[in-house]
Amino acid sequence: MPARAARDGDAVNGYVYHALDAKGRKRDWYCEDVLTGQAPIDRVYEDDLVLAFHHPRPEAQVHVVIIPKAHTPSLLGPEALDPVLLVAMINAVQEVARRLKIGREGLTLTANAGAPGVTPHLHWHVRSPL
């Protein structure tokens, strides 16, 4: 059975996940911890614009997160309309599916859209069928 999503203060592989800063505001976990190398991740795919890695607390047999390397707050912001970034994100989805052999079975792709309680950095979840 897949593990649940990490919650504030959870330890994952010796790394303690903190969703909130000292003032109680949402942290950009992807910029502050993943892209700086502070959080241990298992990379699946990477190019100049995006990074894909296994989710530290998967909710499916295969659960990968894809993020832009440049800070992009949300799918709803103007930064997300960059056609080069969008092509890179879609290419990463295709590469993840190919490398992890989930394309034939289908997959689920979800994106954050500035939801409250979610880290303020565009990220897509690629999941194998449950």
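Nothing here was measured: the structure is a model prediction, and the numbers come from that model.
Considering every non-hydrogen atom in both Asp28 and Thr119, the closest pair reads CA-OG1, 3.3 Å. In terms of heavy atoms, Ser128 sits closest to Ala60 at O-CB, 3.7 Å. The two atoms that bring Pro120 and His71 nearest to each other are O-CE1, 2.9 Å, heavy atoms only. Nearest heavy atoms, Ala80 versus Ser74: CB-O, 3.5 Å. Residues Val64 and Ala52 approach most closely at CG1-CB, 3.9 Å, considering heavy atoms. Between Leu35 and His121, the shortest heavy-atom contact is CD1-CE1, 4.4 Å.
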CA sep, side-chain torsions, deciding dist, call: Val126, Thr110, side chain to side chain contact (heavy atoms under 4.5 Å, CB included): CA-CA 7 Å; Val126 178; Thr110 55; over 6 Å; no
Trace of the side chain to side chain contact (heavy atoms under 4.5 Å, CB included) decision for Leu51 with Ile66: CA-CA 6 Å; Leu51 172 64; Ile66 301 172; over 6 Å; no
Residue pair Phe53, Asp42: steps toward the side chain to side chain contact (heavy atoms under 4.5 Å, CB included) verdict: CA-CA 5 Å; Phe53 58 95; Asp42 182 13; 5.7 Å; no
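A 4.5 Å side-chain heavy-atom check between Tyr45 and Arg99 finds at least one atom pair inside the cut-off. For the pair Leu100/Val44, a side-chain contact is recorded, criterion being any heavy-atom separation below 4.5 Å from C-beta on. Counting heavy atoms from C-beta on, the side chains of Leu107 and Glu105 never come closer than 4.5 Å.
For the pair Thr72 (side chain) and Pro68 (backbone), a donor-acceptor distance under 3.5 Å is absent.
For the atom pair CG (Asn91) and CZ (Arg98), the distance works out to 9.5 Å, reported to the nearest 0.5 Å. Between the CD atom in Glu59 and the CZ atom in Arg127 there is a gap of 5.0 Å [rounded to 0.5 Å].
In this structure, Tyr30 and His123 have tilted ring planes: the angle between them lies in the 30° to 60° band.
Listed by first and then second residue, the salt bridge (Lys or Arg N to Asp or Glu O under 4.0 Å) pairs that reach into residues 66-81 are Glu46-Lys69, sequence neighbours excluded.
Criterion: ILVMFWY side-chain heavy atoms under 4.5 Å apart, direct or through other members. Under it, Ile90 and Val62 are part of a common hydrophobic cluster. Clustering ILVMFWY residues whenever any of their side-chain heavy atoms sit less than 4.5 angstrom apart, transitively, puts Leu81 in a cluster other than the one holding Val93. Grouping the Ile, Leu, Val, Met, Phe, Trp and Tyr side chains by contacts below 4.5 angstrom, directly or via other members, places Leu85 with Leu109.
Remark: aromatic rings of His54 and His63 are distant, center separation not under 6.0 Å.
By the side chain to side chain contact (heavy atoms under 4.5 Å, CB included) test, Ala111 pairs with Leu75, Trp124, sequence neighbours left out.
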